[in-house]
Student: 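I have a structure here, written as structure tokens, and I will follow up with some questions on it.
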There are 2 protein chains.
Amino acid sequence: MKKRITLKQIARELDVSISTVSKALRNSIEISEDTRQKVQAFAKFYNYRPNNIALSLKNRKTKTIGIIIPEIVHHFFSKVISGIEAVANKRGYNVIVGLSNESFAKEVINMEMLANGSIDGFILSIAKETLQQQDYHHFTETINQGMPIVMFDRVVNAIKCDKIIVDDVLGAKKAVSKLISNDCKNIAIITTKDYVSVGKLRTQGYLEALEEHKINPKASLILKVDDELLSEDHLDSLEKEIENLFRNNKKLDGIFAVNELYAITAMKVARKLKMNIPDDLQIIGFTDGVLSKHAVPALTTVSQHGQKIGEKAAELLINNLEREDEEDIYETVVIETELIERNSTK
Amino acid sequence: MKKRITLKQIARELDVSISTVSKALRNSIEISEDTRQKVQAFAKFYNYRPNNIALSLKNRKTKTIGIIIPEIVHHFFSKVISGIEAVANKRGYNVIVGLSNESFAKEVINMEMLANGSIDGFILSIAKETLQQQDYHHFTETINQGMPIVMFDRVVNAIKCDKIIVDDVLGAKKAVSKLISNDCKNIAIITTKDYVSVGKLRTQGYLEALEEHKINPKASLILKVDDELLSEDHLDSLEKEIENLFRNNKKLDGIFAVNELYAITAMKVARKLKMNIPDDLQIIGFTDGVLSKHAVPALTTVSQHGQKIGEKAAELLINNLEREDEEDIYETVVIETELIERNSTK
DNA sequence: TGTCAACACGAAAACGTTTTCGTAGCACAT
DNA sequence: ATGTGCTACGAAAACGTTTTCGTGTTGACA
């Protein structure tokens with residue numbers, strides 16, 4: 001077991017000073033051709049690599065990005081990470097991930113753990129509990145300490161930072177408009193409680209689409225599901241709530257669901273009630289995950305382009321980190337959604 | 001924007017030495033009650049937090065675990081990460097992830113990038129290309145430098161390190177035995193080429209189950225899919241290959257697929273050929289992802305418990321890191337699989 | 001008064017780099 | 001002999017900690 005070699009050791013072996021070694025390795029013209037060759041050969045032989053931690057301490061830069069997301073076992077979030085990683089890697093950065101599990105406390109702890117020098121900046125999507133409590137002090141404090149943040153998907157406008165969002169309103173509007181032009185007369189929305197920003201925005205898009213087509217929204221067609229039901233463990237109660245929606249609206253012929261799970265569960269209920277998709281009922285979901293693609297029938301859905309969101313977030317953050325002038329100009333980038341038509345609509 | 005405060009600044013403000021501040025904050029009895037109070041109050045007021053990088057340099061420990069996996073947009077791998085993160089966090093570690101994208105070169109680069117002081121140890125699953133080329137020098141070198149590695153799922157026995165594996169053979173055997181006892185007479189396996197260790201092992205389990213029940217394996221019932229077809233982009237050709245399998249074996253009545261995608265695609269083909277599941281054809285998959293749970297009919301599958309694999313891997317690695325004696329005793333832990341019976345079998 | 005602990009603190013090294021600045025040695029011109 | 005200007009290198013500081021060791025001051029005690 002040969003440990004990593006350091007500059008000091010090379011210097012001692014070659015009987016020169018540490019500075020000479022350092023310079024020789026960086027091809028400084030200060031050092032004679034002779035010495036340079038000698039040092040480089042020696043370093044190569046012993047497979048010398050500068051110690052990242054020492055460099056980080058010296059440069060006060062870690063070349064590492066912190067990612068804080070609510071969960072990782074989730075198609076959208078893993079796509080985003082994948083996008084971040086790709087760009088980060090290309091630009092010489094590593095990524096370190098923390099999971100909040102939708103908990104405020106874990107979000108705070110994770111951020112504090114990383115903010116003490118471990119990373120140069122954050123890319124994050126806010127936990128539901130945080131959104132609910134509206135306590136954003138950990139974000140403002142981090143930013144105040146000069147550590148940039150890029151938020152994606154679940155953002156809050158009050159915080160001054162870069163943001164990557166999806167045109168949730170427009171995406172939802174397009175989806176619902178599609179249902180309307182496909183002759184749906186009674187379109188329900190299955191969405192989240194309002195404190196989840198994206199749920200609220202998609203609901204807004206739903207309402208706007210109805211209004212544009214002079215359709216009066218009906219309260220009974222709007223199902224705001226309690227967020228606990230999103231977890232895989234509460235599928236049953238989610239199914240019951242949706243089944244109630246169906247039973248209370250006999251003429252239901254279109255559904256817009258704000259996420260994949262709601263859409264798939266709606267399909268399940270429809271099947272149970274012997275409704276034919278898309279003949280009796282057309283369904284559109286949000287987020288283009290594996291479930292939508294492989295469902296039967298394949299689900300028409302609003303794709304969010306998670307990969308692109310991640311890439312853009314990483315770009316924005318790194319640009320910010322490497323910008324010379326310390327101007328605080330924050331962008332909000334909107335990544336366009338795309339309606340992917342499959343077989344759950346006509 | 002107030003930057004993070006350091007020991008030196010506190011020392012200057014309070015007109016004491018750096019060492020006094022450091023000791024006071026750690027409640028050393030060397031420091032008088034008075035000074036301690038003063039320093040701690042000041043530190044608290046300015047929200048002092050020790051700089052992680054400086055600590056890492058000093059202690060030569062980063063309290064960070066490196067994870068290298070082939071891809072992250074994948075139910076199994078994200079489950080594993082989730083398990084690692086949970087344990088790591090509880091024990092005061094962070095996780096930093098690198099993606100190999102199944103490429104040998106990216107695996108090597110990622111490991112080199114992290115091995116230079118950024119992390120204390122690795123948890124990884126080997127890229128397919130690496131398995132194919134059988135070039136493992138980056139693993140042995142890392143281990144030789146005293147940095148421990150824990151491999152999971154895709155492992156290679158030649159490397160001396162901790163390993164977490166699934167009882168692939170037994171899991172496959174249980175699945176195929178289930179099909180046999182469900183009266184299947186012509187059971188096919190859809191698997192990978194042999195260099196993917198887990199594919200090979202699951203194939204072995206399939207063969208063992210047949211043998212145990214005195215059934216002669218038929219070459220035409222064994223489909224070894226080229227790994228490129230696993231990507232979501234090549235669904236069509238994957239479907240064609242599987243369709244050929246069906247057409248060449250008219251009496252096919254059972255399928256064991258070594259992963260979720262193969263199983264789902266087989267279901268798709270069956271549907272296309274008007275075969276009824278599970279009456280005409282019974283299917284069992286491997287890996288318990290979302291697709292299996294939400295497929296119609298829901299897919300019977302061999303669950304690998306990705307979360308548990310991750311947890312165990314993290315435990316093993318951290319135990320190793322924190323062990324005093326430098327004994328190199330490596331464990332191979334087998335995580336039991338579980339056959340989750342759903343509706344694709346009788 | 002002198003000695004000795006106990007107390008409370010500071011100086012400095014160490015972790016592994018990079019970089020600034022100083023300078024010894026030499027050649028050359030004056 | 002003096003001055004000038006290179007060349008090639010070394011010393012030391014700095015990044016932010018922790019820790020070992022040394023030391024000045026105090027009070028108790030003989």
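Chain letters run A, B, ... following the sequence lines, proteins first and then strands; every chain starts at 1. Note: hydrogens, waters and symmetry copies are ignored here, and every other heavy atom, side chains too, is used.
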Student: What nucleotide among C:dC15, D:dT18, D:dA11 has an atom nearest to a side-chain atom of B:L55?
Tutor: D:dT18
Student: Counting distance only, does the side-chain N/O of B:N52 pair as donor-acceptor with the main-chain N or O of A:L114 below 3.5 Å?
Tutor: no
Student: In whole angstrom, what separates B:E33's CD from C:dA6's P?
Tutor: 20 Å
Student: Select base, sugar-phosphate, or nothing to describe what A:S19 touches, counting heavy atoms under 4.0 Å on all strands.
Tutor: base
Student: Base, sugar-phosphate, or nothing for A:S32, non-hydrogen atoms under 4.0 angstrom?
Tutor: sugar-phosphate
Student: Any non-hydrogen side-chain atom of A:Q40 less than 4.5 Å from a side-chain atom of A:R36?
Tutor: yes
Student: Can a side chain N or O of B:R36 be found less than 4.0 Å away from OP1 or OP2 on C:dA8?
Tutor: no
Student: At less than 4.0 Å, is any side-chain N or O atom of A:R4 found next to OP1 or OP2 of C:dG16? Yes or no.
Tutor: no
Student: Is A:N116 reaching over with its side chain to a backbone N or O of A:S118, donor-acceptor style, under 3.5 angstrom?
Tutor: no
Student: Can you tell me which nucleotide in D:dT20, C:dT17, D:dT18 comes closest to the side chain of B:R26?
Tutor: D:dT18
Student: Whether the side chain of B:K58 and the base of C:dG16 hold a donor-acceptor pair under 3.5 Å is what I'd like checked.
Tutor: no
Student: With respect to the phosphate group of D:dT19, does any side-chain polar atom (N or O) of B:S22 fall under 4.0 Å of OP1 or OP2?
Tutor: no
Student: Report the nucleotide, chosen from C:dG16, D:dT17, D:dG10, that has the shortest atom-to-atom distance to any side-chain atom of A:N51.
Tutor: C:dG16
Student: Round to a whole Å and report the spacing from CZ of A:R12 to P of C:dG16.
Tutor: 11 Å
Student: Whole angstrom is fine here: how far is it from CD in A:Q37 over to P in D:dC9?
Tutor: 13 Å
Student: Record whether the side chain of B:K23 comes under 3.5 Å of the base of D:dT20 through a donor-acceptor pair of N or O atoms.
Tutor: yes
Student: A:R49 near the nucleic acid: base, sugar-phosphate alone, or nothing, with a heavy-atom cut-off under 4.0 Å?
Tutor: sugar-phosphate
Student: So A:K8, base contact, sugar-phosphate only, or nothing? Heavy-atom distance under 4.0 Å.
Tutor: sugar-phosphate
Student: Name the closest nucleotide to the A:T6 side chain, picking from D:dG16, C:dG16, D:dT18.
Tutor: C:dG16
Student: What is the separation between atom CG on A:N27 and atom C1' on D:dA8, rounded to the nearest whole Å?
Tutor: 15 Å
Student: Could you check whether A:Q37 and A:E33, counting side-chain N and O atoms only, form a donor-acceptor pair closer than 3.5 Å?
Tutor: yes
Student: Which is more 5' along DNA chain C, the nucleotide nearest B:A54 or the one nearest B:V16? Just name the residue.
Tutor: B:V16
Student: Side chain of A:E30 only, heavy atoms from C-beta on: which candidate in D:dG10, C:dC15, D:dT17 is closest?
Tutor: D:dG10
Student: Check the distance between D:dT7's C1' and A:I29's CD1 and give it to me in whole angstrom.
Tutor: 10 Å
Student: With axes from five pairs an end, tell me the bend angle of the helix from C:dT1-D:dA30 to C:dT30-D:dA1, nearest 10°.
Tutor: 90°
Student: Only one of B:E102, B:E107, B:E129 forms a salt bridge (charged side-chain N to carboxylate O under 4.0 Å, His left out) with B:R154, so which one is it?
Tutor: B:E102
Student: I'd like to know whether OH of B:Y136 has more than 12 heavy-atom contacts from other residues, nucleotides or ligands below 6.0 angstrom.
Tutor: yes
Student: For B:R60 and D:dT18, give me the distance from atom CZ to atom P, rounded to whole Å.
Tutor: 16 Å
Student: Counting distance only, does the side-chain N/O of B:N110 pair as donor-acceptor with the main-chain N or O of B:L99 below 3.5 Å?
Tutor: yes
Student: Determine whether a donor-acceptor pair (one donor, one acceptor, N or O, separation below 3.5 Å) exists between the side chain of A:T20 and the base of D:dA8.
Tutor: no
Student: Can you establish whether the number of heavy atoms outside A:D15 located under 6.0 Å from its atom CG is more than 12?
Tutor: no
Student: Using atom CG of B:N59 as one end and atom P of D:dT17 as the other, report the distance to the nearest whole Å.
Tutor: 12 Å
Student: Restricting to ring-ring contact (aromatic ring centres under 6.0 Å, His included), what partner residues turn up for A:F77, sequence neighbours left out?
Tutor: A:H74
Student: With DNA chain C as reference, determine whether A:I5 or B:D15 sits nearer its 5' end, using the nearest nucleotide of each.
Tutor: B:D15
Student: In whole angstrom, what separates A:L57's CG from D:dA14's P?
Tutor: 13 Å
Student: Just checking B:T35: base, sugar-phosphate only, or nothing, at a heavy-atom cut-off of under 4.0 Å?
Tutor: sugar-phosphate
